[in-house]
Amino acid sequence: MSARPIPWGFVILIGFGLVAPVLGIYPTFLMKCWCFALFACAFNLLLGYTGLLSFGHAAFLSAAAYTTGHAIKVWGLAPELGLLAGTVCAGVLGFVFGSLAIRRSGIYFAMITLALAQMLYFVWGQMSFTGGEDGLQGVPRGVLFGMLDLSDNTNLYYLVFAIFLAGFLLIYRVIHSPFGQVLQAIRENEPRAISLGYDVDRYKLLVFVLSAALSGLAGATKTVVFQLASLTDAHWHMSGEVVLMTLLGGLGTVFGPVVGAFVIIGLQNGLADKVGSWVQVIMGIIFVVCVLAFRRGIIGELGRFLRRPL
Amino acid sequence: MKKKLMITAIAGVLLGLAAGVPAQQAKLSGGLVKIGILTDLSGTYSDLSGQGSVIAARMAIEDFLKQEKNPFKVELVSADHQNKGDVASNKAREWFERDGVDMIGDLVTSSTALAVMPVAKEMNRVTIVNGAASTNITGKACTDLNVHYAYDTYALAIGTGRAVVKQGGDSWFFLTADYAFGHSLEKDTSDVVTAMGGKVLGSVRHPFPGTDFSSFLLKAQASGAKVIGLANAGTDTTNSIKQAAEFGITPKQSLAGLLMFITDVHSLSLKTAGGMYLTEGFYWDLNNETRAWSKRFFDQHKRMPTMVQAGVYSSTMHYLKAVKDAGTDEAKAVVKKMKDTPVNDFFAKNGSIREDGRLLHDFYLLQVKRPAESKGPWDYYHVRQVIPAADAAIPAAKSECPLLKK
Amino acid sequence: MFELLGISPQALYSQLLIGLINGSFYAVLSLGLAIIFGLLNIINFSHGAQYMMGAFLAWIGLTQLPQWLGNPDFAVNYWAALVLVPLIVGVFGVFIERTMLRRLYKLDHLYGLLLTFGIALIIEGVFRDWYGVSGQQYEIPEVFQGVINLGFMYLPKYRAWVVAAALAACFATWFVIERTKLGSYLRAGTENPRLTQAFGVNVPLMIMLTYGYGVALAAFAGVLAAPIFTVSPKMGADLIIVVFAVVVIGGMGSILGSIVTGIGLGLIEGLTKVFYPEASAVVIFVIMAIVLLVRPAGLFGKEQ
């Protein structure tokens, strides 16, 4: 696992990110993809590299989305501060959820995160600033650092891509750091990691907070792009969707979640107009096929074919 | 089957249009008028809007081109917003920026309507909301490029609340879905009830969506109120009605549905829903004109139109005529034309669009027929009262919309 | 008459009774989930969809089948549906087990969860496409129409039947598993499949039938639910999460735990509806979080 992924993986990713809008791919769609790619990567850090299945990651996405939306719209903060506020809020929430959840493992860990996320969903529904099920709308895009006008799609696109890339590189760096090695040791054999003298709980909590904060960054960015935050972000379906993206792309691979996010969002976008309500059935079939036939996911299988970890 | 029908139908429209003579007098962006129906094609609201709205819009376009002898090209696109605000705003942006859509219609459920309106405003395009109910659409969130056509919660609350109190139902208990829409429906109705001299004995807020309403219904029963107001929608409403019958609450206490559509009644059957009061902005069996149009709609959709679907037809027609008369598809000019011209068709008589975008038209207080009174499928309502347009919209003085405060 | 926190005892009794009725639904559903988890180590996310299938098939049998066959005599009435529908859905479950689940036994829990999640999406999507979302109505059978006057409330006869039928199904299942020879094989299979196999018990067959039975229980609950709730493709989707929580609180895989917790949570939910109705959807998750933190294996589960 420690072997470096082939550098041209990065070349393709960055190259694609830079030229995609020029190729005529619709920029708002791309921005959505990058937001979810970051979300999935953050989730993968937890599931793929630490072996912790959180079924409540929608909580962090939504917490940041609402905070950022509120900060920019009502408090009139600049977008960079709004994004920061959202990320910090998600991180703090991650600390609270994480401290409770990491006391348990396996399926119980998943259930606690689910329970906490459901409670948060309830809270969002009750609070007035979220706009209930109508959502928080009309968040202005604003001007970044007082100079870059984000209402211009091209500017916004490159900002979103830069945010994604920063998050992605951070995750990449974490995975390949000594800290990341300990995480993988925990995934492979927790008792052994404990016996080697690692304070496993602290590692778990730290990675949980990191994952939550990065998920939050994704949610905050999404709010700036779509100018709205809604309860959809907090529903447990969202938590399920991020699992699907990660699994489809390849659990515990660096590039997998990115590919997974693009495929799922692409399918949702592309299919919705053509097959209408069959979208759900198709997603279900993908799930089933994925679990039965290629559990390594797209990138995982590709990596096996190339005999390189990707 | 339905899908195939639609695809062939749309293809038909496009072919028909391509053959038309594009005598270009009007100044049109992209050389044609493009209309997008953004609706729920797969979820909770797909029966009351969905495919039916797409069909209604297509009928409007065909009729317009026939009546006006192909003055310009019109194209129709449709998409499923899955009732998600972000999906809706994403699609709207894509349509405006990439596909040159001039007007987005239907927009069922308030969260999607409220998400699309600011996008349209920013891009200088028109939105015509038919499916959504929130009064915010012409209130706090109003824009000068939006028209709210078919109905809103205020009209329904006024209609049902006032009429039921007049008929002697002067003590109320509310069963309210615990979200913004339910709250506003409850508030609007209780205001009307108390203003009319009735009493509100209490209310209970149930989680949304819910399945079992029995304990809430028991509270309503214990309150002794004559009328139980259902401030909820969709399966929540149908479940409440079904369970009220089961617990023997009806017919001792009567139910008032504050947001119900003919499709809900169709799904409940008259045996369960018979006797209920509700308000709609349209019923297919009002007069010869509504019957004629609805029959045409029925032939294509195999269901009678809801007020949303009828509204989509009427508003699309009104929009296209405004484009023709204004000689441009530029949003501000078109909306101004729409506001200057009264609406006179099977849907609205002497309807007019106010500055805040609200279409003022008559509503109908309806009572659901008992099984013995109905002559057959879709013969569901007695029209008990016509609620005049002036009463059915929030008075301009009370509106939160800045456009009305001049 | 004394009043407790502003609620008259009559109102309280009736709310508790309603809680009991809902609790018995939770019990039947969580029981199915629990036995599947106990023996297969799979969290059956499609349980809600199978419950929905039960309700839908009952409705199809009553109203659609005679139309398809063009003969009103072919309608499957309520009683027949109560037997036939769980059988059909059970066979469907066996098919899923044979063709798909079987390949996942040696893998992490996660994959079983994801597979059944996918299956749930497919089932729900298909029904949604066929029958729309407005929902269908199923008549309460003739014998159960009307209400019983209990003094403090009017109890619909059908609800009384639901409680009786649900508790009977729970008791029968509990009895078979805890008190019969077949049950002892099952329990042995849960503890140590290899050893049990070595003693000549056909463990794979047993697993298959267990999954079928668990799914059939879900369908049984679905048929029971059809006359009171609107039969719609979405009816199982939100319920599944609650039932999940019930199983977790009771202790994953614990038969008795799931029954007792199901009923208990129904009661608690009923009380919440009295005092703070808005929170009735979330109270179960609050309890789940607390229980898991204090007693991680659930109320009746054994710490592993």
Side-chain angles (χ1 to χ4, degrees), chain A residues 47-48 51-56 97 99-126 187 235-237 239-241 243-244 246-248 251 275-293 295, chain C residues 37 41 43 45-46 49 96 99-101 103-104 107-130 132-133 233 237-238 240-242 244-245 247-249 252 278-279 281-293 296-298 301 304:
Chain A
L47 178 60
L52 295 173
L53 169 61
S54 157
F55 217 89
F97 279 23
S99 325
L100 293 169
I102 55 156
R103 303 187 193 184
R104 304 290 168 240
S105 58
I107 204 72
Y108 293 105
F109 176 87
M111 287 296 136
I112 294 185
T113 47
L114 170 67
L116 294 170
Q118 283 297 107
M119 285 183 228
L120 195 70
Y121 181 82
F122 171 72
V123 171
W124 294 144
Q126 291 293 313
R187 178 189 66 186
H235 198 263
W236 63 267
H237 277 170
S239 301
E241 223 161 76
V243 183
L244 177 59
T246 313
L247 185 81
L248 179 67
L251 213 60
V275 296
S277 46
W278 286 101
V279 157
Q280 192 183 347
V281 179
I282 292 168
M283 301 284 274
I285 293 172
I286 294 176
F287 240 109
V288 169
V289 170
C290 222
V291 172
L292 288 178
R295 277 183 286 277
Chain C
F37 183 79
N41 257 329
I43 298 159
F45 217 116
S46 54
I96 290 178
T99 51
M100 299 183 226
L101 284 178
R103 300 148 180 256
L104 303 176
L107 300 168
D108 197 278
H109 290 335
L110 170 67
Y111 291 104
L113 181 85
L114 294 173
L115 180 82
T116 48
F117 181 61
I119 293 173
L121 289 182
I122 298 175
I123 300 176
E124 273 170 28
V126 166
F127 275 95
R128 182 149 86 180
D129 219 70
W130 285 346
V133 281
D238 286 302
I240 180 70
I241 291 281
V242 174
F244 246 29
V247 176
V248 172
I249 296 170
M252 308 278 297
E278 291 90 336
V282 83
V283 65
I284 287 183
F285 297 101
V286 176
I287 295 175
M288 172 161 116
I290 297 171
V291 167
L292 282 181
L293 292 171
Q304 287 187 338

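In what follows, chains carry the letters A, B, and so on, assigned in the order in which the sequence lines appear, proteins first and then strands, with residues in each chain numbered from 1. Hydrogens, waters and symmetry mates are skipped; everything else that's a heavy atom, side chains included, is used.
Neither the backbone nor the side chain of A:L120 comes within less than 4.5 Å of any heavy atom in chain C. Proximity to chain A is absent for every atom of C:I284, based on heavy atoms less than 4.5 angstrom apart. The parts of C:Y111 that come within reach of chain A are both its backbone and its side chain, each placing non-hydrogen atoms under 4.5 angstrom from that chain. Contact annotation for C:L107: only side-chain heavy atoms (C-beta onward) come within less than 4.5 Å of a heavy atom of chain A. For A:I286, no part lies under 4.5 angstrom from a heavy atom of chain C. Both the backbone and the side chain of A:I112 come within less than 4.5 Å of a heavy atom of chain C.
Residue C:I241 holds its CD1 atom at 8.0 Å from NE2 of A:H235, rounded to the nearest 0.5 Å. Atom CZ of C:F244 sits about 11.5 Å away from atom CD of A:Q118, to the nearest 0.5 Å. Between C:I119 atom CD1 and A:I285 atom CD1 the span is 11.5 Å, to the nearest 0.5 Å. We find the CZ-CG distance between C:F117 and A:L244 to be 7.5 Å, quoted to the nearest 0.5 Å.
A ring-centre distance under 6.0 Å is found for C:F45 and A:W236.
For the residue pair A:A115 and C:M288, the shortest heavy atom distance occurs at CB-CE, 3.6 Å. Looking at every heavy atom in both residues, C:M100 comes nearest to A:V288 through SD-CG1, 3.7 Å. C:L104 and A:R295 get closest at one heavy-atom pair: CD2-NH1, 3.5 Å. Nearest heavy atom pair, residue A:Q280 against residue C:G125, reads OE1-CA, 4.0 Å.
For C:A279, the side-chain contact (heavy atoms from CB on, under 4.5 Å) partners two or more places apart in sequence, or in a different chain, are A:F122, C:T272, C:Y276, C:V282. The side-chain contact (heavy atoms from CB on, under 4.5 Å) search around C:F37 returns C:N41, C:I43, C:H109, C:M252, not counting sequence neighbours.
Taking C:V283, C:I287, C:D108, C:V126 one by one and counting their heavy-atom pairs under 4.5 Å with chain A, the maximum is reached by C:V126. Most heavy-atom pairs under 4.5 Å with chain A, from the set C:A281, C:A237, C:G118, C:G112: that is C:G118.
Put simply, the side chain of A:R103 never gets that close to the backbone of C:L293: no donor and acceptor are under 3.5 Å apart. Put simply, the side chain of C:R103 never gets that close to the backbone of A:L292: no donor and acceptor are under 3.5 Å apart.
A:F287 places none of its side-chain heavy atoms less than 4.5 Å from the side chain of C:I122.
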Exercise. What do the steps show when you test A:F55 against C:L113 for side-chain contact (heavy atoms from CB on, under 4.5 Å), and what is the final call?
Worked result: CA-CA 11 Å; A:F55 217 89; C:L113 181 85; 4.0 Å; yes
